[in-house]
Amino acid sequence: MKEGVTMPAHEKRVLSLDGLRGLGALTVFLYHVDIMVKPFGAGGPSLFPGTASVMVFFILSGIVLSLVPLKHMGNGGYDWLGYYPRRVVRLCVPLFAAIALALPAGYVAWRLGSTSRSALAVAYDAGLPTAVHDILMQFDVLFNVSNGLNDLFGAQLVRVDSPVWSMSWELWFSLTLPLAIWCISRIRRTGLAVVAAFIAVLVSYWTGYFPLRLCLMFWLGVMAARQFDKIKAVKLSIQAELALLVASVGVIELSLVWHPGGVLEALESTAMNAACLVVVVVAIADGFTRRALSAAPMVFLGKVSYSLYLTHAIVIGALAALLPRLGIVDPLAIAAVSLPASMLVSVAFWRIIEVPSMNLSRSLASSGPRDAVR
């Protein structure tokens, strides 16, 4: 395969992508602090790009899950039978543990009179069958899908741990990765495929059918993985790199504050998704962004990013419900406490839950090549 990657066997991780994932998780944290605690007041939209950060996560997953399978397509194939148990364990053990942690936290918040989404996710006062049904729905990450706000039928998202919504799409992509690899490896002109994908993203925004665009962000990551060596070899001047980053962040921020409606808003939202892809490409290319994201603090943040992503909303919600009862009512003070508390919980969760799940995942590996990039 002419466009296949040639990643060296010793290169287990792409450090700048770890750092970018960590930065994305921190941005999602700031977004949730902003909308849950409102430290800057209740007026106006949040300027922290939570949705864009999730799109970056999806592109990153498409890249890191595809690099090794694409590499091995030309020399005996990839160990898909070994991949599935490893991947499902890697995703679902921390995911289900976070949901199990969020349920009692949500119950306590409900008992304290909170009207937050996590507190109302389970109808504890509607009878035992209804409560058990709602609890089981929290663990349904295959069919209880949404775009973070609404489900497929337009009903409001009901999640005790709101970031879990994106993990449904991560799991679906992980399960259908062989299909994505098979289809995209047969594309001859990647540039045209990227344009076609963004046209489909535009249609998705225009019609409101969100599964199309969410799935395509992963597939765009697979397309980027096919060109990974070429992208990584590109040397960006500092002027070009700054121009790309400023333009991309500008487009992302514009989508947060300007909502013209109709086709124009669909175009704007599609441009936001394209800007997310540009940010990922800049993080891979040879420049100061790649070096900055590969620094030790960013890599560590990337290492615990999954745990931070899964647990931060639980911590913020708990502090927002408990601290006012302890006399701390200033939203800025609650927000200030939320960051170190969330980091401490995420590191503990990573140590207690995520590391053992990674070890279990590795123990399930067969003798074939591993998907060790992520």
Side-chain angles (χ1 to χ4, degrees), residues 5 7-8 10-33 48-68 90-91 94 163 166 170 217-218 220-221 224-225 227-238 240-249 252-253 275-312 339-340 342-347 349-351 354-355 358 371-374:
V5 298
M7 186 180 65
H10 67 274
E11 187 172 330
K12 299 297 184 183
R13 303 191 70 87
V14 183
L15 295 183
S16 64
L17 299 189
D18 276 350
L20 182 58
R21 190 183 295 111
L23 182 61
L26 181 60
T27 303
V28 172
F29 163 83
L30 293 171
Y31 169 74
H32 280 126
V33 165
F48 296 107
T51 299
S53 296
V54 174
M55 296 304 102
V56 168
F57 292 153
F58 288 177
I59 296 169
L60 290 176
S61 291
I63 293 173
V64 298
L65 289 181
S66 302
L67 282 173
V68 175
R90 177 70 182 92
L91 274 183
S166 69
E170 290 275 0
M217 299 314 291
F218 292 99
L220 283 163
Q227 305 292 332
F228 188 82
D229 287 342
K230 293 179 181 179
I231 298 171
K232 194 174 181 181
V234 172
K235 293 184 180 294
L236 292 174
S237 67
I238 189 168
E241 201 165 352
L242 283 173
L244 288 170
L245 290 175
V246 169
S248 298
V249 172
I252 291 169
E253 288 295 319
C276 293
L277 180 60
V278 171
V279 169
V280 175
V281 168
V282 170
I284 298 171
D286 187 0
F288 75 88
T289 301
R290 186 170 84 187
R291 291 188 289 274
L293 290 173
S294 301
M298 296 305 300
V299 173
F300 174 77
L301 190 59
K303 183 183 294 186
V304 300
S305 62
Y306 188 32
S307 293
L308 177 61
Y309 184 76
L310 290 176
T311 61
H312 74 273
L339 179 56
S342 294
M343 285 303 303
L344 284 173
V345 170
S346 66
V347 171
F349 188 89
W350 175 75
R351 263 303 198 194
E354 193 175 351
V355 170
M358 288 189 287
D371 54 328
V373 178
R374 181 169 180 170

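All figures in this text were calculated on a predicted structure; none of them were measured in a lab.
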Chemist: Do T27 side-chain atoms and P49 backbone N/O form a donor-acceptor pair below 3.5 Å?
Modeler: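 No: the side chain of T27 does not pair with the backbone of P49.
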
Chemist: What residues, two or more places apart in sequence or in another chain, satisfy side chain to side chain contact (heavy atoms under 4.5 Å, CB included) together with S305?
Modeler: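 So S305 forms a side chain to side chain contact (heavy atoms under 4.5 Å, CB included) with R21, A25.
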
Chemist: Would you mind reporting whether F58 and C276 have side-chain heavy atoms less than 4.5 Å apart?
Modeler: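 In short, these two side chains do not touch, never coming nearer than 4.5 Å.
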
Chemist: For the side chain of E241 and the backbone of T289, is there at least one donor-acceptor N/O pair under 3.5 Å apart?
Modeler: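 Yes; at least one donor-acceptor contact below 3.5 Å.
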
Chemist: The criterion is ring-ring contact (aromatic ring centres under 6.0 Å, His included); which residues satisfy it with Y309, sequence neighbours excluded?
Modeler: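 Once residues adjacent in sequence are excluded, the partners of Y309 under the ring-ring contact (aromatic ring centres under 6.0 Å, His included) criterion are F57.
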
Chemist: Does some side-chain heavy atom of I284 sit less than 4.5 Å from a side-chain heavy atom of V14?
Modeler: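 No, their side chains stay 4.5 Å or more apart.
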
Chemist: Would you sort out whether L242 and F288 count as a side-chain contact (heavy atoms from CB on, under 4.5 Å), showing the intermediate values?
Modeler: CA-CA 10 Å; L242 283 173; F288 75 88; 3.8 Å; yes

Chemist: Please check if the side chain of R90 supplies one atom and the backbone of M358 the other of a donor-acceptor pair under 3.5 Å.
Modeler: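 Judged by distance alone, no pair lies under 3.5 Å.
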
Chemist: When you measure from the side chain of S346 to the backbone of M343, do you find a donor-acceptor pair of N or O atoms at a distance under 3.5 Å?
Modeler: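 Yes; at least one donor-acceptor contact below 3.5 Å.
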
Chemist: So, Y306 side chain and L91 main chain: donor-acceptor pair closer than 3.5 Å or not?
Modeler: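 Checked: pair present.
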
Chemist: Grab the two heavy atoms, one from P94 and one from F349, that are nearest each other, plus how far apart they are.
Modeler: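 Minimum heavy-atom contact is O-CZ, 3.3 Å.
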
Chemist: How long is the span from the CG atom in L15 to the CZ atom in R290, to the nearest 0.5 Å?
Modeler: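 CZ of R290 is found 10.0 Å from CG of L15.
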
Chemist: Atom CD1 in I252, atom OG1 in T51: separation rounded to 0.5 Å?
Modeler: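 Taking CD1 in I252 and OG1 in T51, the distance rounds to 10.5 Å.
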
Chemist: How long is the span from the CD1 atom in I231 to the CG atom in L236, to the nearest 0.5 Å?
Modeler: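 So the CD1 of I231 and the CG of L236 are separated by 10.5 Å.
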
Chemist: Please report the closest heavy-atom contact between A283 and L20, naming both atoms and the distance.
Modeler: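 Closest approach of A283 to L20, heavy atoms only: CB-CD2, 3.9 Å.
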
Chemist: Within the 4.5 Å heavy-atom criterion, are Y31 and V54 side-chain neighbours or not?
Modeler: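 When only atoms from C-beta onward are counted, V54 and Y31 do not touch, as no gap falls below 4.5 Å.
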
Chemist: State the CH2-OG distance between W350 and S307, to the nearest 0.5 angstrom.
Modeler: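 Answer rounded to 0.5 Å: 8.5 Å.
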
Chemist: So which atom in G62 and which in A225 form the shortest heavy-atom distance, rounded to 0.1 Å?
Modeler: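 Looks like O-CB, 4.5 Å.
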
Chemist: Please work out whether the ring planes of H312 and F29 are parallel, tilted or perpendicular, with thresholds of 30° and 60°.
Modeler: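 The rings of H312 and F29 stand perpendicular, inter-plane angle above 60°.
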
Chemist: How many angstroms lie between atom CZ of F48 and atom CG of L26, to the nearest 0.5 angstrom?
Modeler: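 Spacing of CZ (F48) from CG (L26) equals 9.0 Å.
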
Chemist: Between CG of L23 and CG of D18, what distance do you get to the nearest 0.5 Å?
Modeler: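 Here the interatomic distance stands at 12.5 Å.
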
Chemist: Please name the pair of heavy atoms, one in S61 and one in E170, separated by the smallest distance, quoted to 0.1 Å.
Modeler: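 Taking S61 first and E170 second, the nearest heavy atoms are OG-OE1, 2.8 Å.
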
